[in-house]
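Before any comments, here is the structure.
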Amino acid sequence: MASLQGQFSKQVLLEAIRANIAEDAMRVGTELVQLLRDQLKLPAGHHFSFDVARNVHEIKMRGSNKLSAFVTKPTAGYYNPDQIYAEFRIRMDECCALMIVKSGSQFGTGATLLAENDAALHAANYEELAVMMTDAFNDAVGKQAGEKVD
């Protein structure tokens, strides 16, 4: 909750709200980055990236309300069909996330690997949300690779 003493302008109020959201985002992002890094089962050659500081900067400067994390195959190039691309958009105004997991090109075409009801996730807290995201990602990628998924 943002609090201000005395008189203030709309700009000062906006900056205080953004700073408050950024503070929460830093806490949530710091917790999530470790949970996701530990639990995601990445295909060979793929990397998980979650730049918490950049996300917090976007919140402070642009008023964004989300944290974004990615799974990419850096050596594949943007349009290589031999890759998995995933994006996790974690909202700060409610405990939910939108996930994109697909095979092939990061941009344009590519087969979606998530079932429709697995793309938008809602949870009671961010730890639970992290578990839901990793389960959905691991299941989708495991099915793509032909692995047995529980």
Side-chain angles (χ1 to χ4, degrees), residues 1-2 13-150:
M1 173 183 242
L13 178 60
L14 179 61
E15 289 171 4
I17 291 170
R18 284 182 178 172
N20 186 38
I21 295 169
E23 184 179 310
D24 287 346
M26 181 60 82
R27 179 187 50 78
V28 168
T30 302
E31 292 172 11
L32 285 179
V33 71
Q34 197 59 50
L35 290 169
L36 293 172
R37 186 170 281 131
D38 290 346
Q39 298 300 318
L40 289 173
K41 296 177 183 172
L42 301 177
H46 287 72
H47 296 279
F48 172 70
S49 62
F50 191 166
D51 188 341
V52 176
R54 184 189 60 77
N55 280 283
V56 170
H57 178 76
E58 290 290 315
I59 290 168
K60 283 182 180 177
M61 297 292 117
R62 298 183 59 192
S64 174
N65 71 339
K66 66 177 174 58
L67 302 171
S68 295
F70 304 90
V71 171
T72 58
K73 187 175 184 180
T75 58
Y78 292 121
Y79 300 102
N80 189 315
D82 182 32
Q83 68 179 321
I84 299 293
Y85 171 77
E87 184 174 348
F88 305 85
R89 297 177 188 163
I90 303 142
R91 293 187 50 160
M92 295 306 303
D93 56 347
E94 60 181 300
C95 190
C96 67
L98 176 65
M99 291 179 55
I100 299 166
V101 181
K102 63 184 203 171
S103 63
S105 171
Q106 287 184 27
F107 308 107
T109 61
T112 299
L113 302 180
L114 288 175
E116 189 175 321
N117 59 345
D118 288 339
L121 304 172
H122 298 270
N125 58 59
Y126 287 102
E127 186 175 337
E128 180 183 326
L129 187 62
V131 170
M132 294 170 72
M133 289 188 297
T134 56
D135 286 349
F137 176 87
N138 292 341
D139 288 349
V141 172
K143 288 176 185 173
Q144 169 72 11
E147 298 173 4
K148 184 177 184 264
V149 179
D150 295 330

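Source: prediction; values computed, not measured.
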*Kindly give the heavy-atom pair with the smallest separation between R18 and G63, and that separation in Å.*
NE-CA, 3.4 Å
*State the OG-CD1 distance between S68 and I90, to the nearest 0.5 angstrom.*
7.5 Å
_Where P43 and F137 come nearest, the two heavy atoms and their spacing_ = CD-CZ, 4.5 Å
*Contacts of type salt bridge (Lys or Arg N to Asp or Glu O under 4.0 Å), residue D38, not counting sequence neighbours*: none
*Looking at CG of N20 and CE of M92, how far apart are the two atoms once the value is rounded to the nearest 0.5 Å?*
9.5 Å
*Using side-chain contact (heavy atoms from CB on, under 4.5 Å) as the criterion, list what pairs up with N125, not counting sequence neighbours.*
E127, E128
*Enter the distance from I59:CD1 to K66:NZ here, rounded to the nearest 0.5 Å.*
9.0 Å
*side-chain hydrogen bond (donor to acceptor under 3.5 Å, both in side chains) with R37: which residues, sequence neighbours excluded?*
none
*To the nearest 0.5 Å, tell me how far L98 CG sits from F88 CZ.*
11.0 Å
_Selection residues 42-63 - residue pairs positive for salt bridge (charged side-chain N to carboxylate O under 4.0 Å, His left out), sequence neighbours left out_ = E58-R62
_Whether H46 side chain and I84 backbone form a donor-acceptor pair below 3.5 Å_ = yes
*Out of curiosity, I21 CD1 to S64 OG, how far, rounded to the nearest 0.5 Å?*
9.5 Å
*Point-to-point distance, once rounded to the nearest 0.5 Å, from CG of D135 to CE of M133*: 10.5 Å
*Considering all heavy atoms of both residues, which atom of A22 and which atom of V56 are nearest to each other, and what is their separation?*
CB-CG1, 3.8 Å
_So, using side-chain hydrogen bond (donor to acceptor under 3.5 Å, both in side chains) as the criterion, who are the partners of Y85 when residues are at least two apart?_
E87
*Which pair of non-hydrogen atoms, one from A123 and one from L129, has the smallest distance, and what is that distance?*
CB-N, 3.6 Å
*Not counting sequence neighbours, which residues clear side-chain hydrogen bond (donor to acceptor under 3.5 Å, both in side chains) with E15? List them please.*
Q11
*Return the minimal non-hydrogen interatomic distance between L32 and Y126, and the atom names on each side.*
CD2-O, 3.4 Å
*If every non-hydrogen atom of V131 is compared with every non-hydrogen atom of T134, which pair is closest and at what distance?*
O-OG1, 3.0 Å
_Quick check on side chain to side chain contact (heavy atoms under 4.5 Å, CB included): which of M99, K143, K102 does L114 satisfy it with?_
M99
*For the side chain of N138 and the backbone of K41, is there at least one donor-acceptor N/O pair under 3.5 Å apart?*
yes
